[in-house]
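Notes to accompany the following structure.
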Amino acid sequence: MSDRGTGVAVSHDGIDWLRGDGLVEGHRGSAKDGDVGVVLGPNSDSWWALDTCHLAVSDVQVLSNSSVSSGVGVYWMFYSGGDFEPVPAPPGLPGAAAGDAVEGLRMRPGLAMSQDGRNWARIEADHHTWALFDVGEAGQWDAAYIGHPQVLAAGPRDMRMYYHSFDAAAGKFKVGLATSKDGFQWSKAGPVFEGGAAAGDFDAAGAAACQVVRDPDSRQFLMFYEAVAADGSRSIGLATSADGRSNWKRCSQPILQPNDAADAWDAGGVGAPCAVAMSEGKWRLYYAGRQQQQGPWEGIGVALGGPGEGGGVLSFKRRTGKKQQQGEQQQQQQTLGELQ
């Protein structure tokens with residue numbers, strides 16, 4: 001995602017990716033593989049829509065009728081969108097002074113669908129902005145915005161959307177849950193996870209953008225989340241749950257921290273995790289990074305993981321590019337601590 005919208009890149013191995021600078025051109029046949037670029041931008045046609053200012057995709061998947069009652073073999077894109085209405089920033093929100101009027105802050109969750117992953121149509125949901133549901137009312141934990149919606153098809157007619165917001169009353173980021181039988185009508189279930197409780201915890205200021213997946217071996221639910229420390233620094237944490245709804249147990253240490261090399265592209269922070277289970281208990285963890293502690297994400301990296309030492313949950317190590325310096329190839333392994 002950028003200020004221009006959402007783009008598509010392609011890869012044959014998940015490591016080396018081809019991206020484009022302009023709009024996709026709608027090629028068919030063999031040329032389709034190289035048709036990359038912007039696929040969806042802010043809504044300039046409908047002034048009342050949720051995404052006139054910006055949109056950020058957070059989840060794309062193909063859902064079958066074993067999960068929902070329609071949309072067989074169709075790409076579903078869940079995203080957060082903001083409009084141009086200035087809203088006051090809540091006290092304690094990083095990057096904004098309390099009360100400052102900020103355009104695009106009040107993000108809501110949207111849905112778009114596609115037959116081919118390149119040509120997308122927005123779904124007009126029931127909310128007057130076409131959002132799947134609205135932010136919370138004044139005083140509720142998610143009154144500020146609905147960020148980074150990610151959906152897990154947990155079973156037949158059991159769709160779960162995990163999203164985050166900033167709870168001004170608590171002064172921290174929290175992850176919430178909404179549920180649906182069909183992917184169109186959603187009911188909020190409240191906050192389910194908020195990171196650590198101690199001031200020195202790596203996630204003392206809460207849990208932001210997250211992804212919840214089912215471990216194919218243990219069948220437990222894993223939440224990879226963007227951990228926010230008290231000083232605003234970002235790392236990636238992991239929590240587990242037996243049912244994916246409650247009793248989340250966080251690991252005492254992050255599974256991926258900012259790069260130790262001061263001049264590295266991801267030295268300032270890492271976040272927005274996306275985990276993919278591979279064969280034989282191995283994992284790939286895609287993540288966003290930036291060189292400074294503040295500011296937008298500047299690139300996407302991948303860390304490779306598997307069972308930790310002594311049967312620990314998971315351990316990850318950055319994969320470094322061929323053109324990087326030899327010194328950057330010696331990244332220390334981030335091993336999970338004891339589950340708290």
Side-chain angles (χ1 to χ4, degrees), residues 1-5 42-43 47-58 79-110 129 131 133-149 163-176 190-191 193-210 225-237 254 257-258 266-273 288-299:
M1 196 279 292
S2 70
D3 57 357
R4 296 175 58 191
N43 194 332
W47 61 266
W48 61 87
L50 73 151
D51 53 356
T52 53
C53 179
H54 66 85
L55 64 89
V57 60
S58 48
Y79 65 93
S80 56
D83 58 31
F84 284 104
E85 179 186 1
V87 296
L93 180 68
D100 279 357
V102 181
E103 293 181 346
L105 175 60
R106 182 173 290 152
M107 296 179 290
R108 299 179 174 95
T129 65
F133 55 85
D134 201 2
V135 298
E137 297 181 1
Q140 294 184 326
W141 78 275
D142 58 354
Y145 61 84
I146 305 294
H148 203 87
Y163 65 94
H164 81 275
S165 189
F166 182 79
D167 185 345
K172 64 189 308 182
F173 295 92
K174 296 181 180 180
V175 172
F193 183 71
E194 59 181 63
D201 287 337
F202 71 97
D203 52 359
C210 78
Y225 64 94
E226 184 178 312
V228 187
D231 64 356
S233 59
R234 309 283 173 123
S235 57
I236 295 176
Q257 299 186 46
D266 55 352
V270 292
R290 59 192 176 207
Q291 194 166 34
Q292 304 299 322
Q293 184 171 320
Q294 301 296 328
W297 298 119
E298 299 171 346

Are Trp141 and Phe193 near enough that their ring centres are under 6.0 Å apart? no
Taking all non-hydrogen atoms of both residues, which atom of Pro90 and which atom of Ala144 are closest, and how far apart? CG-CB, 4.2 Å
Does Lys172 come within less than 4.0 Å of Asp167, counting only side-chain N to carboxylate O? no
Taking all atoms of both residues into account, what is the closest heavy-atom pair of Ala230 and Ala204, and its distance? N-CB, 4.3 Å
Pro258 side chain near Ser235 side chain, heavy-atom distance below 4.5 Å: yes
Over all heavy atoms of both residues, which pair between Asp201 and Gly196 is shortest? Give the atoms and the distance, please. OD2-CA, 3.4 Å
Asp142 side chain reached by Val135 side chain, heavy atoms, under 4.5 Å: no
Roughly how far apart are Arg106 CZ and Ile146 CD1, rounded to 0.5 Å? 11.0 Å
If only atom types and distance count, is the side chain of Gln294 paired as donor or acceptor with the main-chain N or O of Gly95 below 3.5 Å? no
Checking Thr52 side chain against Asn43 main chain: does a donor-acceptor pair fall under 3.5 Å? no
A side-chain contact here means heavy atoms from C-beta on lying under 4.5 Å apart; do Met107 and His148 qualify? no
Which distance, rounded to the nearest 0.5 Å, do you find between the CG of Asp83 and the CG of Leu105? 10.0 Å
Residue pair Tyr79 / Leu50, side-chain heavy-atom distance below 4.5 Å: yes
When rounded to the nearest 0.5 Å, the distance separating CZ of Arg108 from OG of Ser80 is 12.0 Å
Would you say the side chain of Val228 lies within less than 4.5 Å of the side chain of Arg234, judging by non-hydrogen atoms? yes
Do any N or O atoms from the side chain of Glu194 and from the backbone of Gly206 form a donor-acceptor pair under 3.5 angstrom? no
Minimum heavy-atom distance between Gly104 and Cys53, given as atom pair plus value: CA-SG, 4.1 Å
Would you compute the distance between atom NE2 of His164 and atom NZ of Lys174 and round it to the nearest 0.5 angstrom? 13.5 Å
Minimum heavy-atom separation for Pro94 to Phe166, with atom names? CD-CE1, 4.2 Å
Which atom of Ala98 lies closest to which atom of Pro91, heavy atoms considered: CB-CA, 3.6 Å
Any side-chain heavy-atom pair of Ser58 and Tyr163 under 4.5 Å: no
Could you check whether atom CH2 of Trp48 has more than 12 heavy atoms from other residues, nucleotides or ligands sitting under 6.0 Å from it? yes
Could you grab the distance from atom NE2 of His54 to atom CZ of Phe84, nearest 0.5 Å is fine? 9.0 Å
May I have the step-by-step check of side-chain contact (heavy atoms from CB on, under 4.5 Å) for Asp266 and Arg290, ending in yes or no? CA-CA 5 Å; Asp266 55 352; Arg290 59 192 176 207; over 6 Å; no
Between the CG atom in Asp203 and the CZ atom in Phe173, the distance rounded to the nearest 0.5 Å is 12.5 Å
Verdict with reasoning, Tyr145 to Val87, per side-chain contact (heavy atoms from CB on, under 4.5 Å): CA-CA 10 Å; Tyr145 61 84; Val87 296; over 6 Å; no
